[in-house]
Amino acid sequence: MTQRYEPSLFEARWQQHWLENRTFRTPGPGDPDFDPARPKYFVLDMFPYPSGAGLHVGHPMGYIGTDIIARRKRMEGFNVLHPMGYDAFGLPAEQYAIQTGQHPAVTTEANIATFRRQMQAIGLGYDWDREFATCTPDYYRWTQWIFARLYDRGLVYQTEVPVWWCEELKTVLANEEVINGRSERGDHPCVRRPLKQWMLRITAYADRLIDDLDELEWPESVKTMQREWIGRSEGAEVRFPVAEVEGEEVTVFTTRPDTLYGVTFMVLAPEHPLVDRITTADQRAAVQAYREQAAVKSELDRTDLAKDKTGVATGAYALNPLLSPEDPEARIPIHVGDYVLMGYGTGAIMCVPGHDERDFEYAQEFGLPVRTVVAPEDGSAVEGCFTGTGRAVASPRWDGLPTAEAKARSLGILEELGCGTARVTYRLRDWLFSRQRYWGEPFPILHAEDGTHRRVADEDLPVELPEMTDFAPAEDGAPPLSRAGDWLEVTDPSGARLVRDTDTMPGWAGSCWYYLRFMDPRNGQAFASPEALDYWRSVDLYVGGTEHAVLHLLYARFWHKVLFDEGLVPTKEPFAKLFNQGMLQAFAYKDATGRLVPSDEVELSGPEPIHRESGARLEQVVAKMSKSLRNVVNPDEVCAEFGVDAFRLYEMFMGPLADSKPWNPRDVPGARRFLERLWRLFVDEEGDQPIRAELLVEASGEPEGEALEIERAWNPCLQRINDSFGAFNFNTAIAAFMEWLNVATKHRAGFRRDQAERVLAALAPFAPHVAEELWARLGHEPGSVSRAAWPALDERYMGSDTFELAVQVMGKLRGRVEAPKDASKDQLEALARAAVADKLEGKEIKKVIVVPGRLVNFVAM
RNA sequence: GGGGACAUGGCGGAAUCGGUAGACGCAGCGGCCUUAAAAGCCGCAGGCCGCGAGGCCGUCCGGGUUCGAGUCCCGGUGUCCCUACCA
């Protein structure tokens, strides 16, 4: 039998061993082997949607990172909760079902099997006993149950709203799923259409969702995104009476009530209900035409077309409530314009072209007057539009006040006059929560004949998805479930006939609380036991990509807070610490015209990349991995060619986990070579023994000679490994291993068993297969390195006794000299002086800076 | 238009508190081993000048603070990500 490093001979075997022995199973409260004395650590990956394409090398980047963290924490004595599951409801499986007739449950199950196999093949140490998919009744029963809690708290309502409708997908989409009028998934055109929809009152939690961000250990950028998404803005609601139309008034929201004297016109959103009531006869045709045009425009892209402001006068006028109705200045025209959005604030604005750029543009377009009511603090003259803060001018009731005070004063006056109040507005809208689709959680809702609805009793959950064979939505947009026959009909105990709701929940629903289910995934009595919730509390470290910075993380926080208010979870927030891994990119090749050339047309064997057909030189650039560039890398292939440990090491060696960085196929063999060299330190490839005989000898006493050299290299290496867990820059840990290996190889004759054991323990989180293999060959119980203790640092052997002292003259490096680590400042200065004596000759030394352990700098003229 | 991140050799990237820039790896070059090649092992390796000792330049560009700046401050350029009439 060969003793060469051949990972295919043992990697699969160890993976099998871990599964069979449930090595990474984590006992929790209620399990007989649970040890409550240990501290807990819950480290979670954002679980994947199991697509048909399987994993590509980008997915495992974060998974390998958390696997390393989980494995080390386990070795440090923590109860580590590190599970994996599948966000398995969603559109792609259903689209596929419509095209092929395959039931989404079938394709989803097949995809999950692929994902599971791939993740196990990477050696990820998840607790597979806790695995689940959100599309199983065992799970969505509790999704429905939590929905019922929201329902009972009045956070669920049904309303007719203009929603994004995607003709291609035959469903409504949430605002955030539509980008520039096209669906985020599939890039199909979408139109606005009024439909009755389920809404969740997330806006009721807006303030808490902003305020509680402060206590989270999250990237500032993500917190900022969430704050801006919620978009809290403080201002006033002001009511302007409409001239000559008795009883009508225009209510606007403004953040600048201090500019009220500068209002010269008003604009209503095209959809504003007031438009019909106030438009004058001679403007009616023009307004009607404009509204129709605006409705079409919104289907395309209102924002893109809005380079120039458009609008039309209604012919009606409003009266500035601060001025006397007789004052001609008080009379301001009311327009309709599509730069005002019906969905924000009141759908109407007061326009102050002197101090708002959009209003200014509109005023320019339509020749409306501009009135200046704020002057810059420094007294400088402003022409056109000034949006900054300063002092109020031409504003009789608060002239001369700085903007902040003017705001407060104007608010007070508005309230006094009874024509305005302070108000807070949010950009965040209530969450459109229903989809006219099949593959999602059915709503646990029953409709009565009188038009009322009630929720399904808890004991009747889950409301299971009915078996169907045709999932296509109807032409009129009626959901597939409306054709579900018997399933639809329910008779309640009183004999009343009820009909089930036929919408399903959006893809986000299942991921709103899955982290809680991991705490107690097989519980049939509750979504998780109070004991489990109380022990695991919340996620200590949550790792995933930035693409979920707003939606998923905001929705999950919302549900968690509702559960907190219900007294069902012990924490206010679900994810204590968030970490965003970088994106995995790939090299791409650009020709002279700037076009990207698919990778398989590029010849890389020469000194520079060449286009195979034309022979043209190409430029290497960094781009996303994409099918069209044919630079997508499959982890299965990499593992097959280089081994799993090499794959894991390379992914971590590429750079810090947080950075985006390109996959370079040429670098992968370097990781493999490291493992081979390490192997040879332990195993004589030419011999027939599983491990070098010296390593079977129990070492005693302090290391000496070559063993001492290895020891002195090891401890700084371990220090760097430990430090790499601070910022998740495991590339530096692996570099440290490599440097240590270079030293150890040089002094291999002195390599001792105790050193071998410590190295393998520290290596185990990074390259677990080879660590297990060599650990077992050392005679330890198979599989036990995963449970070994994390090695301790020995401060006595932190490198050698001397260091290289840099000697500078006037800040420039002029020499180097070996110096003892414990030398005094005076000794260092003397050594340095001797080293650069010739450079100092004839110069006057003005100052000497001594930095122990580093350098000496002579300031000399 | 707004917000954020980043910028270091041919490539990926190192560099605690401001203290020897380029660790580690890839690609490259030289040597050993070999009939030869591969693999492996040993060594070289930012640029320029010089036979050499050595010197000069160098972390996107321009200024500044400092004994000393990749790191801090001001201004600019470029790349990537997010966002987009939010009143």
Side-chain angles (χ1 to χ4, degrees), chain A residues 179-180 219-222 224-225 228-229 231-233 235 252-256 259 267 302-304 306-307 309 337-341 343-352 356-359 361-362 425-429 546-547 549-550 582-583 585 587 604 607-608 620-624 649-650 653-656 658-671 673-674 676-677 680 685 720 723 726 729 731-739 741-742 745-746 803-816 846-851 853-860:
Chain A
I179 295 160
N180 290 333
E220 263 327 300
S221 59
V222 176
T224 303
M225 276 192 238
E228 287 177 358
W229 188 263
R232 186 188 149 96
S233 80
V252 302
F253 174 74
T254 178
T255 56
R256 293 294 300 271
T259 62
V267 177
R302 201 144 117 175
T303 60
D304 202 45
K307 289 259 150 54
K309 296 266 180 294
D338 69 4
Y339 83 96
V340 176
L341 309 173
Y344 183 77
T346 61
I349 60 170
M350 60 178 224
C351 299
V352 187
D356 181 285
E357 252 161 57
R358 296 152 301 182
D359 297 347
E361 271 177 51
Y362 190 91
T425 296
Y426 302 91
R427 202 190 86 124
L428 181 73
R429 313 292 160 75
T546 345
E547 65 270 22
V550 178
M583 263 202 320
Q585 301 161 313
F587 287 131
L604 289 169
E608 29 185 29
Q620 180 177 284
V621 295
V622 172
K624 279 186 185 167
L649 282 180
Y650 172 61
F653 189 61
M654 291 170 71
D659 291 4
S660 292
K661 53 229 173 245
W663 178 273
N664 187 351
R666 292 224 247 189
D667 285 343
V668 185
R673 276 201 282 268
F674 162 71
E676 288 173 352
R677 299 211 300 128
R680 289 199 294 270
E685 291 188 326
R720 287 171 65 191
D723 289 348
N729 49 351
N731 54 325
T732 62
I734 294 163
F737 269 118
M738 288 171 168
E739 282 179 66
L741 181 61
N742 290 341
T745 302
K746 205 168 282 174
F803 71 99
E804 198 174 42
L805 177 73
V807 186
Q808 298 181 335
V809 178
M810 294 300 284
K812 288 201 172 203
L813 186 69
R814 286 293 180 251
R816 296 176 228 250
K846 292 227 160 80
K847 197 171 166 188
V848 182
I849 287 127
V850 181
V851 185
R854 293 271 177 199
L855 58 72
V856 175
N857 185 14
F858 294 101
V859 185

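What you see is a predicted model; the values in this text were computed from it and never measured. Both backbone and side-chain heavy atoms feed into the values below; hydrogens, waters and symmetry mates do not.
Between the C1' atoms of B:G78 and B:G62, the separation comes to 15 Å (whole Å). Rounded to the nearest Å, the gap between the C1' atom of B:G3 and that of B:A84 is 10 Å. Taking the P atom of each, B:U20 and B:A69 are spaced 11 Å apart, rounded to whole Å. For the P atoms, the distance linking B:G12 with B:A7 amounts to 12 Å, nearest Å. Distance noted for atom C1' between B:A15 and B:U71: 10 Å (whole Å). Nucleotides B:G10 and B:G28 place their C1' atoms 9 Å apart, quoted to the nearest Å. Taking the C1' atoms as reference points, B:G22 lies 11 Å from B:G58, given to the whole Å.
Judged by a 6.0 Å distance limit and a 45° cone about the ring axis, A:K309 is not positioned over the six-membered ring of A:Y362.
Between the side chains of A:N664 and A:Y650, not a single donor N or O lies within less than 3.5 Å of an accepting N or O.
Between A:E676 and A:R814, the residue whose closest nucleotide on RNA chain B is further toward the 5' end is A:E676. Both A:D659 and A:V668 lie near RNA chain B, and the one whose nearest nucleotide falls closer to the 5' end is A:D659.
When Watson-Crick and G-U wobble pairs are counted only if both distances are under 3.5 Å, B:U34 pairs with no nucleotide at all. Pair assignment for B:G75 gives B:C61, based on Watson-Crick or G-U wobble hydrogen-bonding distances that are each under 3.5 Å. B:G43 and B:C29 make up a base pair, with Watson-Crick or G-U wobble contacts both under 3.5 Å.
Set against B:U20, B:C67, B:G13, the side chain of A:R816 has B:U20 as its closest nucleotide. For A:L855, the side-chain atoms get nearest to B:U20 when compared with the rest of B:U20, B:G12, B:A87.
Glycosidic conformation of B:G9 is syn; the angle stays within 90° of 0. Classified by its glycosidic torsion, B:C17 falls in the syn category, the angle being within 90° of 0.
The closest donor-acceptor contact from the side chain of A:D659 to the backbone of A:G582 lies at 3.5 Å or more, if one exists at all. In this structure, the side chain of A:R427 engages the main chain of A:W229 through a donor-acceptor pair within 3.5 Å.
Residue A:E357 places its CD atom among 12 or fewer non-hydrogen atoms of other residues, nucleotides or ligands, all under 6.0 Å distant.
In this structure, A:W229 places its CH2 atom 11 Å from C1' of B:A84, rounding to the nearest Å.
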